Colleague: 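Below is the structure I would like to discuss, written out as structure tokens.
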Amino acid sequence: MSQEKHMESRIKYLFFPKSVAVIGASRSPGKIGHEILRNIVEYGFKGRVYPVNPRADKILELKCYKSILEVPDEVDLAVISIPAKFVPAVLEECGKKGVKAAAIISSGFKEVGNVELEERIVEIARKYGIRFIGPNIFGVYSAPSKLNATFGPTEVLAGKIAFITQSGALGIALMGWTIFAGIGLSAVVSLGNKADVDEADLLKYFVNDEHTKVVLIYMEGLNNGRRFMEAAMHCSLKKPIIVIKAGRSERGARAVASHTGSLAGSDVFYDVAFKQCGVLRALNVEEAFDWARAFTELPEPKGDNVVIITNGGGIGVMATDACSDYGLNLMELPRDLIEEFKKCMPPFGSPKNPVDLTGQAAYDEYSRALKVAFSDDRIHSIILLFCQTAVVDPPKLSEVISDIVREYKHCKPIVACYIGGEECQKAMRILEQNGIPAYPTPERAVSSLAAIYRWAKWKKKMLKKLKGK
Ligand code: ACO
């Protein structure tokens with residue numbers, strides 16, 4: 001194996017270590033080193049855990065070691081949470097111990113002008129072949145190995161979104177928010193100063209990670225744009241990448257410089273580069289996670305024809321406008337399909353697209369219209385809208401819809417939007433649990449479906465171009 005491949009292969013130890021040492025595992029609850037160890041233990045890490053602290057014998061019922069060199073086992077991953085000035089010596093010991101990867105939590109490096117100290121740890125890591133994330137990070141989370149080596153929330157939900165963040169505090173906050181929103185993550189990586197591992201390294205890893213379906217990145221700036229573009233192009237051909245690139249405005253770019261020391265760079269450059277390599281740029285966190293949820297659940301559409309099924313005219317019009325804004329093709333329904341949809345509604349309904357089942361529509365109407373949409377091959381994607389009425393119990397409607405989507409084996413993309421009170425929130429959760437992304441506004445539902453189309457179109461175009469070469 002070449003040296004480059006060998007170093008690349010070590011990244012997996014960040015996500016699948018058999019053993020983890022927490023260096024600087026503090027005895028005091030509330031200190032970062034203690035909370036990381038507690039998260040690892042309480043989240044149920046499948047491997048072996050070794051706290052390292054010269055002043056402690058036992059922490060959280062685990063035997064504590066004075067130095068990593070005393071650990072009577074191989075150590076795959078070291079999480080280092082001690083003051084910056086002590087990190088080089090400890091990293092040197094990690095190297096001697098044969099540690100393969102590290103997460104350097106400590107702040108106090110390049111971000112505050114300590115460039116030499118940062119260069120020193122890069123040098124040591126290279127000497128021993130250690131790959132590391134950080135410094136200046138909150139850690140790493142990996143769902144399949146049940147590793148929560150962060151000082152973020154404990155009970156992260158497992159899922160298929162790999163979340164990479166250059167911002168620490170925002171990253172931790174978003175980990176918490178995903179739990180509240182019921183969104184599952186396959187991995188979380190805090191990148192911090194990116195002295196070694198960066199976005200490009202992680203894209204090369206996640207493209208082949210069977211637990212990840214979509215990669216979501218919060219980015220402030222890139223150190224090596226060309227490397228990122230190459231990795232992103234390669235990954236986008238297989239898995240979608242969603243990027244929130246902050247520092248879009250001039251003032252925002254200045255804020256980036258003082259936050260992570262990155263160069264936000266010309267926003268136009270990023271826009272063009274992202275488009276070239278298939279990266280989907282989201283404007284904000286809400287949009288990014290909306291799209292990511294759709295990507296994790298939905299199949300690729302087999303064609304452009306989209307049909308809206310609704311019980312409300314107004315929401316149908318809003319969705320129609322959104323389709324036009326986001327470039328989705330609302331299908332002109334042929335005569336025979338109009339006749340089929342007519343059978344699903346009262347005489348005063350509208351069988352054109354949007355298919356308006358009217359305010360009196362309940363389970364049976366939705367059920368029959370959905371079956372028409374799923375069974376006809378000329379329809380490629382479905383937008384299902386529901387305005388809460390007294391004739392429908394929203395959770396029950398979600399059960400009915402979920403049964404049908406299951407019956408048709410999730411064979412085409414379907415996004416839903418429910419508007420109403422608390423019951424609609426519960427009902428949307430039911431849809432989500434059954435693999436149907438649901439949103440509280442038609443625009444968010446349409447924008448998420450449109451993201452899938454944009455990626456599918458980019459991929460098709462790029463594959464054609466590559467074949468032609
Ligand atoms: N090996 C092992 N353990 C050691 C060593 C060593 N060489 N040196 C010290 N320790 C022990 C200490 O005894 C202590 O344990 P104790 O509390 O039981 O006595 C523990 O390691 C921690 O050492 P402290 O000197 O107490 O350091 P402290 O915990 O106060 O701070 C930290 C360390 C958290 C790494 C700090 O220096 C730091 O960088 N904080 C910022 C971290 C951060 O914010 N990162 C970015 C996150 S992203 C965001 O913005 C949210």
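Numbering of ligands and ligand atoms starts at 1, following listing order. Since the model is a prediction, treat every value here as computed from it, not as a measurement.
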Colleague: Would a 4.0 Å cut-off, counted as strictly less than, catch a protein heavy atom around atom 36 (C) of ligand 1?
Modeller: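 Within 4.0 Å: no protein heavy atom nearby.
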Colleague: State whether R429 and E432 are salt-bridged, where the test is any N-O pair (Lys NZ or Arg NE/NH1/NH2 against Asp/Glu carboxylate O) under 4.0 Å.
Modeller: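 So R429 does not pair with E432 through a salt bridge.
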Colleague: Side chains of L203 and F228: closer than 4.5 Å at any heavy-atom pair?
Modeller: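 Answer yes - side chains close enough.
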Colleague: Check whether more than 12 heavy atoms from other residues, nucleotides or ligands sit under 6.0 Å from atom NZ of K204, and answer yes or no.
Modeller: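 Yes, enclosed.
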Colleague: Is it the side chain (CB and beyond), the backbone, both or neither of R27 that lies under 4.0 Å from ligand 1, heavy atoms counted?
Modeller: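 Both of them.
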Colleague: Does G108 have a heavy atom less than 4.0 Å from any atom of ligand 1?
Modeller: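 Outside the 4.0 Å threshold, so no.
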Colleague: Between F109 and ligand 1, which residue portion shows a heavy-atom distance shorter than 4.0 Å: side chain, backbone, both, or neither?
Modeller: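 Contact part for F109 vs ligand 1: neither.
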Colleague: Measure the distance from atom 5 (C) of ligand 1 to every protein heavy atom, then report the residue, atom name and distance (to 0.1 Å) of the closest one.
Modeller: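 The answer is I82 CG2, 3.6 Å.
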Colleague: Where the closest heavy atom to atom 42 (C) of ligand 1 is concerned, which of G33, A56, S107 has it?
Modeller: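 The option holding the nearest heavy atom is S107.
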Colleague: Between the candidates G168, S81, S167, which shows the shortest non-hydrogen contact distance to atom 22 (C) of ligand 1?
Modeller: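 Nearest heavy atom to atom 22 (C) of ligand 1 lies in S81.
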Colleague: Give a yes or no on whether a salt bridge exists between R38 and E35, defined as a side-chain N under 4.0 angstrom from a carboxylate O.
Modeller: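 Looking at E35 together with R38, the answer is yes, because their closest N to O distance falls below 4.0 Å.
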Colleague: Hey, are E92 and K127 close enough for a salt bridge, meaning a charged N less than 4.0 Å from a carboxylate O?
Modeller: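 The answer is yes: the pair qualifies as a salt bridge.
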Colleague: Any N or O of I105 that comes nearer than 3.5 Å to an N or O of ligand 1?
Modeller: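 N/O-N/O distance under 3.5 Å: yes.
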Colleague: Closest by any non-hydrogen atom to atom 21 (O) of ligand 1: pick that one out of G24, A21, G152.
Modeller: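 Looking at heavy atoms only, G24 sits closest to atom 21 (O) of ligand 1.
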Colleague: Which atoms from ligand 1 have a heavy atom of R55 less than 4.0 Å away?
Modeller: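 Under 4.0 Å from R55, ligand 1 has these atoms: 12 (C), 13 (O), 19 (O).
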Colleague: Any protein heavy-atom neighbour for atom 31 (O) of ligand 1 (distance below 4.0 angstrom)?
Modeller: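 No.
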Colleague: With atoms numbered from 1 as shown, which atoms in ligand 1 lie under 4.0 angstrom from a non-hydrogen atom of F151?
Modeller: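 So the atoms of ligand 1 that pass are 47 (C).
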Colleague: Under the side chain to side chain contact (heavy atoms under 4.5 Å, CB included) rule, what do Y13 and V99 come out as? Steps first, then yes or no, please.
Modeller: CA-CA 9 Å; Y13 293 103; V99 165; over 6 Å; no
Colleague: Quick test of your reading of the model: are R281 and D267 salt-bridged, counting only N-O distances below 4.0 Å?
Modeller: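 So R281 pairs with D267 through a salt bridge.
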Colleague: Counting only heavy atoms not in K66, do more than 12 sit closer than 6.0 Å to its NZ atom?
Modeller: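 Yes, enclosed.
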Colleague: Is any side-chain heavy atom of R293 closer than 4.5 Å to one of S448?
Modeller: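 Of all side-chain heavy-atom pairs linking R293 with S448, none is under 4.5 Å.
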Colleague: Do K100 and D76 meet the salt-bridge criterion of a basic N to acidic O distance under 4.0 Å?
Modeller: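 Judged by the 4.0 Å cut-off on N to carboxylate O distance, D76 and K100 do form a salt bridge.
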Colleague: Between S26 and ligand 1, does any nitrogen or oxygen pair lie at a separation below 3.5 Å?
Modeller: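 Yes; at least one N/O pair falls below 3.5 Å.
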Colleague: How close does the nearest protein non-hydrogen atom get to atom 3 (N) of ligand 1, and which residue and atom is it?
Modeller: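 Checked against all protein heavy atoms, atom 3 (N) of ligand 1 sits closest to P54 CD, 3.3 Å.
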Colleague: So for ligand 1, is N53 a polar contact partner (N or O within less than 3.5 Å, distance only)?
Modeller: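 Among all N and O atoms of N53, at least one is under 3.5 Å from an N or O of ligand 1.
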Colleague: Tell me if the centroids of the rings in F15 and F206 come within less than 6.0 Å of each other.
Modeller: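 When the ring centroids of F15 and F206 are compared, they turn out to be within the sub-6.0 Å range.
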Colleague: Using heavy atoms and a threshold below 4.0 Å, how should the contact between V90 and ligand 1 be classified: side chain, backbone, both, or neither?
Modeller: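 Only the side chain of V90 comes within reach of ligand 1.
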Colleague: Could you work out, for atom 23 (O) of ligand 1, the closest of P83, P51, A89 by heavy-atom distance?
Modeller: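 That would be P83.
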Colleague: CD of E74: more than 12 outside heavy atoms within 6.0 angstrom?
Modeller: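 Incorrect, the count does not exceed 12.
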Colleague: At under 4.0 Å between heavy atoms, which part of I32 makes contact with ligand 1: side chain, backbone, both or neither?
Modeller: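 I32 to ligand 1: side-chain contact only, backbone stays beyond 4.0 Å.
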Colleague: Closest non-hydrogen protein atom to atom 28 (P) of ligand 1, residue and atom name please, with distance?
Modeller: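 Going by distance alone, atom 28 (P) of ligand 1 is nearest to K31 CE, 4.0 Å.
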Colleague: Please identify which atoms of ligand 1 are closer than 4.0 Å to at least one heavy atom of I23.
Modeller: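 Those of ligand 1 that fall under 4.0 Å from I23 are 1 (N), 2 (C).
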Colleague: Enumerate the atoms of ligand 1 whose separation from the nearest heavy atom of A169 is less than 4.0 angstrom.
Modeller: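 It comes down to these atoms of ligand 1: 49 (C), 50 (O), 51 (C).
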Colleague: Against ligand 1, does F138 come closer than 4.0 Å with any heavy atom?
Modeller: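 In this structure, F138 qualifies as a contact of ligand 1 - some heavy atom is under 4.0 Å.
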Colleague: Before you tell me yes or no, could you show the steps for S398 and Y418 under side-chain hydrogen bond (donor to acceptor under 3.5 Å, both in side chains), namely the whole-Å CA-CA distance, both residues' side-chain angles and the distance that decides it to 0.1 Å?
Modeller: CA-CA 10 Å; S398 288; Y418 280 24; 3.0 Å; yes
